[in-house]
Number of protein chains: 4
Amino acid sequence: MRAVVKTAAQPGVEIREVPVPTCGPGELLLRVLRAGVCGTDLHIYSWDPWSQGRIRPPVTMGHEFVGEVIERGAGVTEFGLGDRVSCESHIVCNHCVACRTGKAHVCENTKILGVDVNGGFAEYVAVPAVNAWRAPQNVPLEVAGVMEPLGNAVHTAFAGELSACTIAVTGCGPIGLFAIGVARAAGASCVIASDVSPYRLELARTMKADAVIDVSRETFTERVKEVTQGRGLDGVLEMSGNPTAVRDGLAALRNGGRLSFLGLPKEPFALDWNQLVIFKGITIHGIIGRRMYQTWYQMDNLLRSGRLDIRPAITHVMPMEKIDDAIGLLRDGRAGKVVLVPWGEKT
Amino acid sequence: MRAVVKTAAQPGVEIREVPVPTCGPGELLLRVLRAGVCGTDLHIYSWDPWSQGRIRPPVTMGHEFVGEVIERGAGVTEFGLGDRVSCESHIVCNHCVACRTGKAHVCENTKILGVDVNGGFAEYVAVPAVNAWRAPQNVPLEVAGVMEPLGNAVHTAFAGELSACTIAVTGCGPIGLFAIGVARAAGASCVIASDVSPYRLELARTMKADAVIDVSRETFTERVKEVTQGRGLDGVLEMSGNPTAVRDGLAALRNGGRLSFLGLPKEPFALDWNQLVIFKGITIHGIIGRRMYQTWYQMDNLLRSGRLDIRPAITHVMPMEKIDDAIGLLRDGRAGKVVLVPWGEKT
Amino acid sequence: MRAVVKTAAQPGVEIREVPVPTCGPGELLLRVLRAGVCGTDLHIYSWDPWSQGRIRPPVTMGHEFVGEVIERGAGVTEFGLGDRVSCESHIVCNHCVACRTGKAHVCENTKILGVDVNGGFAEYVAVPAVNAWRAPQNVPLEVAGVMEPLGNAVHTAFAGELSACTIAVTGCGPIGLFAIGVARAAGASCVIASDVSPYRLELARTMKADAVIDVSRETFTERVKEVTQGRGLDGVLEMSGNPTAVRDGLAALRNGGRLSFLGLPKEPFALDWNQLVIFKGITIHGIIGRRMYQTWYQMDNLLRSGRLDIRPAITHVMPMEKIDDAIGLLRDGRAGKVVLVPWGEKT
Amino acid sequence: MRAVVKTAAQPGVEIREVPVPTCGPGELLLRVLRAGVCGTDLHIYSWDPWSQGRIRPPVTMGHEFVGEVIERGAGVTEFGLGDRVSCESHIVCNHCVACRTGKAHVCENTKILGVDVNGGFAEYVAVPAVNAWRAPQNVPLEVAGVMEPLGNAVHTAFAGELSACTIAVTGCGPIGLFAIGVARAAGASCVIASDVSPYRLELARTMKADAVIDVSRETFTERVKEVTQGRGLDGVLEMSGNPTAVRDGLAALRNGGRLSFLGLPKEPFALDWNQLVIFKGITIHGIIGRRMYQTWYQMDNLLRSGRLDIRPAITHVMPMEKIDDAIGLLRDGRAGKVVLVPWGEKT
């Protein structure tokens, strides 16, 4: 089969012929229908320091995808041939304290599909059946293909109070855009989005943010004050990893509010802890992955209900063959979420 | 001024001329603009056993209302003349354990406007300024007039998980109808309403319940199973006080779900605790009043956002003079929420 | 091997020679060292209505035990031969909503060791390795043998606020006695125990209850008022299933308190919901089993720290051969926890 | 009367004759019996940058004290003459969002006794009656005099899970020492204390820390690994404001743990957010003041029960006259908590 493979410890990827994966006990073999491209894929492609420390080539990339079940390994009974399944990308150990106390998303021994083991940028992929999630039937394939990052948005949003709250989403990359939709569908009464890119802010508007702030031209804290009539934010969903966004987000929170922190900073940065965190009684949540599998149930409910529609955030659907172009779009900030269509699949 | 007064220890009320209340320190004097009629008013009118034990005539009735500030008592600075304010009806002691630990809604020394002290079925009413809430400007007067019972619905809905949940509202009286709107606006992904009255079920539909169940003709648990594709309910907002509704609600909950119990049963009733509560790991919340004042902030946010519209549940707006007719409508189940207009107010 | 087997659909048990269990994939074979006798065993022995509906003879009884690993099934790596392990008795499906959202204790497809499948009243028992828990080394065998019911007490105590709280334990059977110790070790500032049996109340004292109430002679609510100087209880751990204990417990709670309900009532019973639950803003938790495996970590920490010592509640350690005597002691209320020693084990 | 007054915008204080405060409506006039010296007092004494921005001389210092009620202002009924009361030092507005939603400890308009208004380093002090707390009768005066900072410790400890948890207290100044006692009394199963001062570490031992780490000679994360047998910490109570302590605390937490942050850093400092917070799913709480008045009830219960004894942390009781010596002791790190005795009071 064809696959997008990180073949060497250097920038770039190769499209290669590789063997179709075997389907071990407890696994499903999927024909991949759609796959999303993530910022992490950009890091691996660019061979940045994080990738150099983590990736062991060759590995087939891709941790966001939906596929059709074409084979079931021994012992698998929950899925049938032909089922369309999306996948949790974290393969966890089930033995560590985190796994045994309902926090498998921070399992100490996590392996990630498309990072540590072969992933879904390919015609076929094998996944543990416990990681598979039957895709809601009312959503189009490109949405089913990006439930993994959508789950990041759900996890971040649901980490604190949401209903009837004023929530800011700082950073309007794909997960930020998803988070706008999630926060609205999940009951936030006002969703404010910020970014520096007019392109992304326009996407934020199409996701129905109640207000957008272009922080290249406007002062975040001032605009929040206006929009909230002085009350401040109840919560910040931090999706940028940008130090200024974090500091501004904290400053704009009402006393007692929360900042849920998913965006990965490029390097350590400082806070004025006294003014921004301690005197205000703020709670900061470090967020990674998805609650396994509470987040998936929540996401499933939101999608099935029709109250959440993330299609405006999916700006490109293109052949997997064009992975270099897809990476280029992301690198240049000319895309929301980019979805790939494997060889031979209909669009 | 004219007022609807419970004058004697017997059924009925009288419309009487009484003195305009004086405005003491820390109080506001309001010109009443609209007032809601509640099931409690029906009990007082009918002089049921509860009323006989609680009410000390003469007392001006009415605990749901909106008014315009026409006088401010000594020390009041938060409100100005002309402000339109809705009111929390619980006057609390601020000294008991509940009051001192953020649970003033279960203050041991609560006095209720229109029950224990003179209320708002009158041309004027005096209220503690701390109980006043500036009404959102985007809602019509009849909505501002019923924020108190709307707050009951918000309190019940927010007592457990709501976002992305499947929620049933059992009992479609006014608070149940409000709860349908609240649950939707606050992010429930599916709201199921049940009642025995076709009239009320039709109102539930206009409040946009995702499904309605006529329990006089359908089996609640079966229908829930269908609607939820076997998953069961995440939560029940119990608004009827009906033993069968409570038992059915518990039976239809998924394991680990919650039933938040606001409807007042007419008399003690039994549960099969093992099957309905213990083996299922259910949580039951007794709910009364509104969180002071968290519920009001939440309600305010929902109303201001425009995501919550309770107007379909307000079926009648009529002169306060016609209190007997209003009570009759409620008694006969021919109304959702009934709102009264005091003498001399424009409609 | 020898085992205590429920051989027929009638009262009583038989001691029988049965084959040593085989150790399947993912399982451990244990040589049983100690096993606790539970009220459930009494029900099965007596062949009460619940047993008649649930038990399919022949089945080896016993769901509380500690054993030594003598064989490991395929794929088991977490345990070594010779390890002493206690066991979670609930074998869960890992596929239902409850299992997938951190609530496996209310798995819809639970099978219980010694109830639905062969248990530990035997020389050997086979258990899923995921259900095994390495016993803390500082506790004696009879304590390690009853970690399962101790976990019930921990689960009930930890279902709500505990630290710096005034907690009542209603019902001083073995789990109630354990709960006294757990509540104290886990930070309750005052633990009040109630029962009707002078024998059990004396055990409650040895478990260091701060106050004990003999409800056959004293009025529970009055005594609580005295002990708490009028503040009332923060929480009730209900271990009796007795309707009066539940009603009194609710009545003695401060407004906003919680009752965590583990004791199984013999039949449905009624509450005055208005006075006992709704007007007081009470939360009731149905409790079953143990949080898997959060409760085990908590219990392990309490035992290892030495802050929890349940030995005073273990009143009898006797040969498994004398199962009829053990059942008799429980039936007559002449014992706290009874622990059995299998054939050939040293005491 | 005599009082310790910050008289000028420069280092030092003066002991002065000033008028006895008048007792306004809703206030209590107290004869001061004991008063604690706090790090904040050291800042004000030294006239550090924070003090220069906040303090408006002249002001009587002292925000930790116990006194006897000698006069009651108009409207005060909860206290009687002769009552011994400790005091919450935050005078809050009751009108802001925080105050109205159970978070008065982060009131936007807080005034602090002894900082913004005259405090308790004097023979007499006037305080709002709502801020007064009847001291438990079983504790000595020097303990009643430092309930305010003890409340900081309780608030920090209770900000996350505590019962059956392994908790580190980083920084063994007075509040850190109190926190050791609080964590133990409130049910932590293992309490680890760290500092650089042998003197303070010895005090930590007398407060019954299960382990102490001298971070000037030992590696915090390594020692925690040993003590916890590799499991890591469930929670950190950060009492030092030291960047290394914060980073080490985060590093030593198990995934999913919490750091509750009370110690005030001297200046902004950086974190490796990815490794220390996000990838680990950590929660950080900014902590200030005391929950009003939940923390006081909890503290009261712990003290009354006798399970919490903070006397070993109170190393000096000395005449208020010797304020300069007291400040010197604190500055030189030669004291735990220092308590002052006003002129004319018996020791």
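The analysis underlying the following values was restricted to heavy atoms, covering all of them including side chains, and did not include hydrogens, waters or symmetry mates. Within every chain, numbering begins at 1; the chains are lettered A, B, ... in the order of the sequence lines, protein sequences first and strands thereafter.
Contacts between B:A188 and chain A at a heavy-atom distance below 4.5 Å involve the backbone alone (N, CA, C, O). In this structure, chain B has no heavy atom under 4.5 Å from any part of A:A183.
The heavy-atom pair separating A:R307 from B:D210 by the smallest distance is NH2-OD2, 3.1 Å. For A:A164 against B:N301, the heavy-atom pair with the smallest separation is O-ND2, 2.7 Å. B:S163 and A:A186 get closest at one heavy-atom pair: OG-O, 2.6 Å.
Note that the SG atom of A:C190 and the CG atom of B:L302 stand 12.0 Å from one another [nearest 0.5 Å]. Distance check, rounded to the nearest 0.5 Å: CZ of A:R184 to OG of B:S305 gives 8.5 Å. The distance from atom CD of A:E161 to atom CD of B:Q298, rounded to the nearest 0.5 Å, is 6.5 Å.
Around the CZ atom of B:R223, the shell of radius 6.0 Å holds more than 12 heavy atoms that belong to other residues, nucleotides or ligands.
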